[in-house]
Amino acid sequence: ECFDLGRTARIRAQLSESCKKLVFMHDWLRSAVRTMFDEEFEDHHDELMEIVAPQLTKLSDLTSRLLYRTTLAAAEGGVTPLGSTDPDVLITDVKKVVEAQEELATAFLSARRKVYGSNNVTTDSISEHFFVAALSLYGQYTTQFAEYMLNNETTIDQTGILGALWSGLKDMCAFTGWGFT
């Protein structure tokens with residue numbers, strides 16, 4: 001045990017923050033996939049998605065790369081001025097993800113007008129909207145985690161030796177600590 005001190009505490013805090021973001025993103029992406037399974041794909045859907053496919057792919061690829069790099073940085077204890085966790089590389093990747101989100105939004109609005117003839121959400125296009133929103137949120141949460149890493153924030157309070165000892169003693173004396181449930 002490191003008593004939540006030093007580099008190992010920073011790694012733990014950063015991976016814990018990563019876990020929070022990943023759980024949320026996973027839920028959204030699962031919902032998007034579920035929407036795709038439930039969707040009855042019609043000609044409008046195929047036409048719309050064909051138009052925005054390059055922007056969807058670009059955002060997905062850039063976000064995936066940024067998520068990989070920030071998770072790697074968290075596992076290493078923070079950003080370092082060398083390699084894939086270099087702050088300049090991460091800042092550039094964040095900018096690319098934001099630009100890809102803007103490109104997708106612009107392309108989607110244009111494609112929606114072209115395919116559905118409307119500036120508003122239609123009942124036929126709700127699942128497409130949800131999918132694009134889910135992918136955009138994936139990008140947003142990844143950029144938020146990258147900014148967390150770049151700012152070198154720590155969200156877990158350090159316990160210290162005495163605090164960890166006291167917490168351990170309380171846990172050992174709890175009925176659940178001896179196999180009682």
(message) Taking side chain to side chain contact (heavy atoms under 4.5 Å, CB included) as the criterion, tell me which of Val52, Asp46, Leu48 meets it with Val115.
(response) Leu48
(message) Looking at every non-hydrogen atom in both residues, tell me the closest pair between Gln55 and Glu103 and how far apart they are.
(response) CG-O, 3.9 Å
(message) Nearest 0.5 angstrom please: Arg69 CZ to Thr142 OG1, how far?
(response) 13.5 Å
(message) A side-chain contact here means heavy atoms from C-beta on lying under 4.5 Å apart; do Arg65 and Lys96 qualify?
(response) yes
(message) Quick one: does any side-chain atom of Arg112 pair with a main-chain N or O of Asn119 as donor and acceptor, under 3.5 Å?
(response) yes
(request) Return the minimal non-hydrogen interatomic distance between Lys58 and Ala100, and the atom names on each side. (result) CG-CB, 4.3 Å
(request) Determine yes or no for a side-chain-to-main-chain donor-acceptor pair under 3.5 angstrom, with Thr92 supplying the side chain and Asp88 the backbone. (result) yes
(message) Quick check: is Val89 connected to Phe145 through a chain of hydrophobic side chains (ILVMFWY, heavy atoms under 4.5 Å apart)?
(response) no
(request) Check Tyr116 against His44 and note the closest heavy-atom contact, atom names and distance. (result) OH-CB, 3.5 Å
(message) Is any side-chain heavy atom of Gln140 closer than 4.5 Å to one of Val98?
(response) no
(request) With sequence neighbours left out, write down each residue that passes side chain to side chain contact (heavy atoms under 4.5 Å, CB included) with Ile91, or none if nothing qualifies. (result) Lys95, Leu150
(message) Between Ser110 and Thr106 (side chain of the first, backbone of the second, donor and acceptor by atom type, cut-off under 3.5 Å), is there such a pair?
(response) no
(message) Can you tell me how far apart NE2 (His129) and CZ (Phe108) are? Round to the nearest 0.5 Å.
(response) 4.0 Å
(message) Using the salt bridge (Lys or Arg N to Asp or Glu O under 4.0 Å) criterion, which residues pair with Glu47? Sequence neighbours excluded.
(response) none
(request) Please confirm whether the backbone N or O of Ser136 pairs with a side-chain atom of Gln101, one donor and one acceptor, at under 3.5 Å? (result) yes
(request) Find out whether Phe131 and Leu56 are in side-chain contact, i.e. whether some heavy atom of one side chain is under 4.5 Å from a heavy atom of the other. (result) yes
(message) So if I apply the side chain to side chain contact (heavy atoms under 4.5 Å, CB included) rule between Tyr138 and each of Val97, Leu67, Leu59, Thr143, which one comes out positive?
(response) Leu67
(message) What verdict does the side chain to side chain contact (heavy atoms under 4.5 Å, CB included) test give for Leu62 and Asp93, after you've listed the backbone C-alpha separation in whole Å, the side-chain angles of each residue and the deciding distance to 0.1 Å?
(response) CA-CA 7 Å; Leu62 290 171; Asp93 283 353; 5.8 Å; no
